Each structure stands twice: as structure tokens, then as C-alpha cells.
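See structure below.
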There are 2 protein chains.
Amino acid sequence: MNVKEYTNQLQNFGYRLTTPRTEILKVLSTTKPLSTKEVFAFLKKNGSQVDIVTTYRTLELFEKLGFIRKIQLEDKTSRYELIGASHHHHLVCMKCKNIEDVQVEEGLLLNQIKKQSRFRVEKHALEFFGICGNCQRL
Amino acid sequence: MNVKEYTNQLQNFGYRLTTPRTEILKVLSTTKPLSTKEVFAFLKKNGSQVDIVTTYRTLELFEKLGFIRKIQLEDKTSRYELIGASHHHHLVCMKCKNIEDVQVEEGLLLNQIKKQSRFRVEKHALEFFGICGNCQRL
DNA sequence: TTATTATTGCAATTAAGTTGCAAATTGTCA
DNA sequence: TGACAATTTGCAACTTAATTGCAATAATAA
């Protein structure tokens, strides 16, 4: 999905297409998972006037609409990323803070859970922390 | 490890054995993962005079010493649990907020990562969200 | 183009966690 | 046992992330 498709979706759902919303979608579509602060910083750097409160509210809306996914890493700040075609997880470098995407087959895990509990899994969080290839060489 | 063993460890490391530390260990050893606020509430309920700042600092210390593990669930508050014998993950009920432990074999995941990246995984977070057996019946 | 209503921006507030420092408590040694 | 030195605690003040109320602004429908 590109920015245009998301803005169409937005209007289909009856929400208005505003400058802040378009700008925030643009930021999200060009980067890795970002915190609200980081999205806001990006906006500013590109000359946008959007307020940080609007950034909070817009990200909340986009999450509700299923455009983006909220992820919790090690700190208290939430991060958001566009929900692309493929389900993936993250390799978070504890040194340089860079985030790599990674694909893992988790069907097995869900089977194991089914054997142990009546719990019905709706979603999961899976993040890996460590040292990326680059930082290992330093 | 029981409370006594932890307090011994504490002294072996050169830290003092104080009332707040003992009380907090007791709370941790009798429950599921708790936030700082929750630990503090437990203390109060049991007549303890311990301050919430001390609770924050003590949990931080215990984490540093490897007594407890910090976990991030869906919100911004950190939760802590005693590091028991077995490595496990959680089934977090989105309805009643109860937390079940679950055992999954994750060796496979780590192999899959090795094939995709030079990243060296040091630790990981894996949490499942859904509806527990009880709440499904309601 | 105007009117209606959603959306935004500002200021103030809440909530989680942190910091500085004086007072209290612990462990050690005489 | 008592006193000293150093750690630990509790209070108050502060920081940071996020939320809320409300008046001003902007987007869509007619």
C-alpha cells in the first residue's frame, strides 16, 4: 500500500483528508518503526507545521484503522510502523539502535500453546535484541 | 530460589539487607509479573511503610543483579517477575488481564534468524495476547 | 460559496519514572 | 555493646510521554 491508497482508505472510512494526515503517512512510508517524537521531528525537519498533539492523535487513529502497528520495545515509548504486506519481526541492535526486519515461522509456537492452554491467541509481540553485524565488527 | 537465597545473594554482592528489600522480595515471590505501582500497592496492603521511590530503585537493583526480569507488555508501564528456573513466556488475557505462563521451543526461530542476518541475538521478548479459557466461556 | 462538522493547535493536566539531598539505617570494628 | 562510616531511604521537586478540554481553523457537502 502506498500513501495514495491509505488516503483513499481514510476517506472511505469517512475521515477527512488533511495536511497533517497526509504528511504523517508520508513520513511513515519512508522509514523504520518510529516513536511519536521521531515522527514529529521528521515532520519539522521537512518544514511541516504539524503539532505534536496532532501527531499523537493521528498515529492513534491510524492504528485504529489498521494502517499502522504499535510496538513496544525495551523502553516506555511506543513505536509505530506501517503494516506492510508481510508479517515480520525485528532485530533491534542494542548498540546502534538500528532495526532490521526478520521473517520467522511461528506456526509451531502457536501449536505448542494450543497443547498447553485453552488460551485463544489473537496477536503476539516478538522482538529480538542483540548486536547487529556492523556493530560486531567495531 | 526462595527469598532467603536472594537475600544471601544480595549480601554476597555487598549490598545491605534492608526491610524494603526483604519485603519487596517477598511480594515478588508470591505473584505474577507486577508493575512498580502494583508492587507498591501490595506492600501497603500488607502494612509496609516503604516508599514508592524505594520500590522503583529496588526493582531496578534486582534487575541489575539478575533476580528479576523486566517485561514490556502493551502499555508503557514496565512489569517485573522473578527469574525462576525455567525460561517461559506469557499469555496475556486482553479481557481479564490475567497472565498465564507458557513454554515454547524457540530454537527454531533463532536458526531462522541466523540464516537471514549476521545479527547476534542476546535476548528476546515474546508475549502472546488474546482471550483466556475462562473469558471465552463468558 | 456557505454552512456544518471534523480536525487542529494551544495550554493545562495526568501518569510513569528519575534525581538531589538530608535523615535514617545497616554493617563493621573497636 | 557502642559508635563510626557508608549505604539506603523518604521526601520534594523534576522530567518525559501521553492525554484532555476547548476555542479556532479547515475540509467536505449542499
Side-chain angles (χ1 to χ4, degrees), chain A residues 3-4 6-27 33-44 46-65 67-68 70-80 97, chain B residues 4 6-27 33-44 46-65 67-80 97:
Chain A
V3 173
K4 190 66 195 287
Y6 283 116
T7 56
N8 285 343
Q9 273 292 308
L10 207 50
Q11 292 182 301
N12 292 343
F13 282 122
Y15 292 95
R16 292 182 179 176
L17 183 50
T18 65
T19 315
R21 287 173 180 170
T22 314
E23 291 182 338
I24 290 174
L25 276 173
K26 249 183 245 164
V27 169
L34 293 179
S35 67
T36 309
K37 275 251 163 80
E38 289 167 336
V39 172
F40 180 64
F42 250 90
L43 291 169
K44 254 194 161 165
N46 298 355
S48 165
Q49 302 287 315
V50 177
D51 191 78
I52 191 158
V53 178
T54 303
T55 312
Y56 272 108
R57 286 195 273 231
T58 304
L59 291 172
E60 193 185 26
L61 173 68
F62 288 175
E63 195 205 358
K64 196 180 78 181
L65 296 181
F67 294 0
I68 60 180
K70 173 151 76 167
I71 58 178
Q72 289 289 340
L73 301 184
E74 298 216 276
D75 52 9
K76 57 187 166 185
T77 53
S78 303
R79 260 155 258 270
Y80 298 91
K97 306 294 174 193
Chain B
K4 190 68 194 288
Y6 283 116
T7 56
N8 286 342
Q9 274 292 308
L10 207 49
Q11 292 183 301
N12 292 343
F13 281 124
Y15 293 95
R16 292 186 177 170
L17 183 52
T18 65
T19 315
R21 287 174 182 169
T22 314
E23 292 183 338
I24 290 173
L25 276 172
K26 247 183 248 163
V27 169
L34 293 180
S35 68
T36 309
K37 276 253 164 79
E38 288 167 337
V39 172
F40 178 65
F42 252 89
L43 291 169
K44 254 193 160 164
N46 297 356
S48 165
Q49 302 287 314
V50 178
D51 191 78
I52 192 157
V53 178
T54 303
T55 312
Y56 273 109
R57 287 195 273 230
T58 305
L59 291 172
E60 194 184 27
L61 173 68
F62 288 174
E63 195 205 359
K64 198 180 77 181
L65 296 181
F67 294 1
I68 59 179
R69 177 189 300 122
K70 173 151 77 166
I71 59 179
Q72 290 289 339
L73 301 182
E74 298 216 277
D75 53 10
K76 54 189 168 184
T77 53
S78 303
R79 261 155 256 269
Y80 299 90
K97 305 295 175 192

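These numbers come from the heavy atoms of this one structure, side chains and all, not from hydrogens, waters or symmetry mates. The structure presented is a predicted model; accordingly, all values stated were derived computationally and were not measured.
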Is it the case that the side chains of B:N46 and B:S48 hold a donor-acceptor pair, with the cut-off being a distance below 3.5 Å and no angle test? no

Rounded to whole angstrom units, what separation is found between the CG atom of A:L10 and the P atom of C:dA6? 14 Å

Anything under 3.5 Å between a protein N or O and an N or O of nucleotides 25-30 of chain C, put it in a table, one pair a line.
from	atom 1	to	atom 2	distance (Å)
C:dT26	O2	B:R16	NH1	2.6
C:dT26	O2	B:R16	NH2	3.2
C:dG27	OP1	B:Q11	NE2	3.1
C:dG27	OP1	B:L17	N	3.0

Closest listed nucleotide, where the reference is the side chain of B:V53 and the choices are C:dT8, C:dC10, C:dT19: C:dT19

Looking at A:R21 and A:R16, what are the two nearest heavy atoms and their distance? NH1-O, 2.8 Å

B:Y15 and B:L65: which non-hydrogen atoms are nearest, and at how many Å? CE1-CD2, 3.8 Å

Quickly work out the B:R79 CZ to C:dA16 C1' distance and round it to whole Å. 12 Å

Figure out the CD1/C1' separation between B:I52 and D:dT9, and round it to whole Å. 14 Å

Atom pair distance, as rounded to whole Å: CD in A:E74 and P in C:dG17: 15 Å

Which pair of non-hydrogen atoms, one from B:V50 and one from B:F40, has the smallest distance, and what is that distance? O-CE1, 3.1 Å

Ignoring backbone atoms, test whether B:R21 places a side-chain nitrogen or oxygen under 4.0 Å from the OP1 or OP2 oxygen of D:dT9. yes

5'-most by nearest nucleotide on DNA chain C - A:T58 or B:S35: A:T58

Taking CG from B:D51 and C1' from D:dA13, how many angstroms apart are they, rounded to a whole number? 13 Å

Nucleotide C:dT18, atom C1' - distance to CG of A:D75 in whole Å: 15 Å

Rounded to the nearest Å, what distance is computed from the CD atom of residue B:Q49 to the C1' atom of nucleotide C:dA23? 16 Å

Can you see which heavy atom on A:Q72 is nearest to which on B:E74, and at what distance? NE2-O, 3.3 Å

Counting only heavy atoms not in B:Q11, do more than 12 sit closer than 6.0 Å to its CD atom? yes

Closest heavy-atom pair and its distance - B:T55, B:I24: CA-CD1, 3.9 Å

Using heavy atoms to find the nearest nucleotide of DNA chain D for B:R57 and B:K76 separately, return the residue whose nucleotide is more 5′. B:R57

Expressed as a whole number of angstroms, how long is the span from A:Y56:OH to C:dG9:C1'? 15 Å

Is the shortest side-chain N/O distance from B:S78 to OP1 or OP2 of C:dG17 below 4.0 Å? yes

